[in-house]
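In what follows, every heavy atom counts, from backbone to side chain, and hydrogens, waters and symmetry copies are set aside. Naming convention: chains lettered A, B, ... in sequence-line order (proteins, then strands); numbering from 1 in each chain. Computed from a predicted model, the values in this text were never measured in an experiment.
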Amino acid sequence: MIREKIVSLVSTALNSAQDAGEIPHFVSPEITIEHPQRIEHGDFSINLPLRIQGLAKMKAIDVANILQKHIEPYSAIEKIEVAHPGFLNFYLEETWVCDQITSIVNAGDYFAFSDIGNGTNVQIEYVSANPTGPIHVGNGRGAAIGSTLANVMDFLGFNVQQEYYVNDAGTQVSIFGRTLYARYAELFGKQIQIPDNGYPGAYIIELAKNIQEQYGDAFLELVDNEPNPELGKIGIDLQLTNIKDDLSAIGVDYDSWFSEQSLMVKGGAYDTSLKLLMDAKLVLKREGAIWFNSSDLGESKDNVLIRSDGQPTYYATDIAYHYDKFLVRKFDRVIDIWGADHQGHVSRVKTALQTVGGDPDSLDVLLYQLVNLRRGDEIVPLSKRAGEIVTLRNVIDEVGADAARFFFLSSSANQTMDFDLELAKSQSDENPVYYVQYAHARISSILVKAEEDSLFKSNPKLSLLNHPSEQLLIRKLLLLPEILENVIADLAPHHLPHYSKDLATAFHSFYTQCRVISEDKELTAARLILLQASQIVLAKTLGLMGISAPRKM
RNA sequence: GCGCUCGUAGCUCAGUGGAUAGAGCGCUGCCCUGCGGAGGCAGAGGUCGGAGGUUCGAAUCCUCCCGAGCGCGCCA
């Protein structure tokens, strides 16, 4: 890539200047390259002279001048300028820029591919909401972030597994079972109190009706004075189906639905990881419960593994779950995506993971801050009447999956987010989703027309694309590879929607300034290739975000 | 009280230690003989919460203070 080429040119120039005795010898820091903010400063900028002025005991501007002299000429570079207080600014050759469109069009859907993942086995686990109820708006944010990250990593050569951890064991599930039983019994005219900490939401009534239709009164009788556990299990399965439907409606598809229950089999991950903790002599019985002495390992406090009623805590099963990810399934790297309310859990999971033999540095926990819903200036409370919440499905139904994903992705994960339903829903120029999609539709429409009129030529003169708006557009297209690398390096998919807006702006601006189909056959053919390249990059960007790229709107 | 995250234009948000801090919406004013106006161009609008510090250079790193959200259960 051109970035690496420039860095290596500068590195060589430094060596050569040092060998010539014009700059003293020292170990150079890593050379960084960036895009200047202002186009007058060129396409790339190197700040090395400023960073080594101390080492060289010279003025940065002098270092820059010497380096400039020692940089070998290179065909893609038109000129190199020294700028105060000591930058080296690189300007790309216009014809080189034009020629890059060919590589985009040739690469097609593989443009921006580079195998930086190198087959690394990565698991991305996200959403994993309790299957005891519908998923809410906050889960939608996790879903958009997780699946987009998975798309990008998959594209860049990682071997990605997307997983949903199904909490089908534990206290919440049994409370769910009792609630469901109460609703189910109601349908047969029995009055049974919903448990105090139960689920008052109306969706449970729907589940109960569904079960009544399929199974009749099969679960009405108590088993050992408790609701039949089979009822709860069926209820969980039905609710899980609803969750799958909702996630699929927002373009999320998992490779794996991992059952918490499966950790609990005799001799399984739960038994093994607990034994490892005990072998480490970090487990003690106290006040009737079994504790992990995590404060001995620098945690702020000890944590309970097994409650005094004999039930394992969420923490204990999560240790087992992470043991399973790393030591049983042997992922090279795991990315967990959690809501920020789980922040306190991160450190102690890593500590426990290390104790059971995993590498905490291979575990990334990406926390996303909470979502506030708004409708214009009005705040929409996330929980409505008792037990009712604003579900992800409500939002998708109102604004559509494309807009929902775009908005969820738009802010960085550690920024609390305001999701404006009114804005997301509006089919107007206020809405950035349509702005980007519109660019794609516009391009498609012109390409169709050009196809009909047979305006394509086999070897168009791309060097004709020298209008400033054309040059700007091509430069934006060429940014995608870097954007994707940044998305992965920072685990920050929010770069994508911003890039897509930028790209759409560059296109719309080009469109109004340069007419594509004109009397000039040569220029028309060249601009059509530019359109093809733009369509490829826009579609790619939208596709990675899980957003459709419509040909008509 | 302790921990994590955040504080950037009226609003919603970008901003890999770099040069004159950006975008969208909103506001003001322009641009349709022609490929899709869901568009384009221009303008107004900022003590980057505050104070110190590190650095050639700080919105960005460090310390303190102020403010907001979240967490600190034998919940998940």
When we call it a touch if two heavy atoms are under 4.0 Å apart, what does [X] touch: a base, just sugar-phosphate, or nothing?
X        : value
A/Ser412 : sugar-phosphate
A/His342 : base
A/Arg348 : base
A/Ser308 : base
A/Asn130 : sugar-phosphate
A/Leu370 : sugar-phosphate
A/Ala83  : base
A/Tyr315 : nothing
A/Ala340 : sugar-phosphate
A/His35  : base
A/Ala441 : base
A/Met417 : sugar-phosphate
A/Thr171 : sugar-phosphate
A/Gln172 : sugar-phosphate

Could you check whether [X] pairs with [Y] (Lys NZ or Arg NE/NH1/NH2 to Asp/Glu carboxylate O, under 4.0 Å)?
X        : Y        : answer
A/Lys325 : A/Glu125 : yes
A/Glu299 : A/Arg348 : no
A/Arg374 : A/Glu422 : no
A/Arg375 : A/Glu398 : yes

Separation of the [atom1] atoms in [N] and [M], to the nearest angstrom:
N     : M     : atom1 : result
B/C11 : B/U47 : P     : 12 Å
B/C48 : B/A58 : P     : 13 Å
B/C70 : B/U55 : C1'   : 34 Å
B/U63 : B/A19 : C1'   : 28 Å
B/G53 : B/G57 : P     : 12 Å
B/A44 : B/G29 : C1'   : 11 Å
B/C31 : B/G49 : P     : 40 Å
B/G45 : B/U28 : C1'   : 11 Å

Which nucleotide, in any strand shown, forms a Watson-Crick or G-U wobble pair with [N], with both distances under 3.5 Å?
N     : value
B/G26 : none
B/G73 : none
B/G45 : none
B/U55 : none

Does the side chain of [X] pick up a donor-acceptor pair with the side chain of [Y] at under 3.5 Å?
X        : Y        : result
A/Glu81  : A/Asn89  : no
A/Asp402 : A/Gln437 : yes
A/Asp336 : A/His322 : yes

Practice task
For A/Tyr438 and B/G39, say yes or no: do the ring centres fall under 5.5 Å of each other while the ring planes differ by less than 30°?
Solution key: no
Fill in the blank from the handout: The contact string for nucleotides 1-6 of chain B, one letter per nucleotide 5' to 3', using protein heavy atoms under 4.0 Å with B, S and - for base, sugar-phosphate only and none, comes out as --BSSS
Exercise for the section: Confirm from the modelled atom types if A/Asn89 and B/A19 form a donor-acceptor pair under 3.5 Å, side chain to base only. Expected result: yes
Practice task
On the 0 to 90° scale, with breaks at 30° and 60°, tag the A/Phe419-A/Phe408 ring pair as parallel, tilted or perpendicular.
Solution key: tilted
Handout entry: Residue whose closest nucleotide on RNA chain B lies nearer the 5' end, A/Leu423 versus A/Gln37
Key = A/Gln37
Handout entry: RNA chain B: 5'-proximal contact among A/His41 and A/His494 (nearest heavy atom)
Key = A/His494
Practice task
Looking only at non-hydrogen atoms, find the nearest pair between A/Arg178 and A/Pro195 and report the distance.
Solution key: CB-CG, 3.7 Å
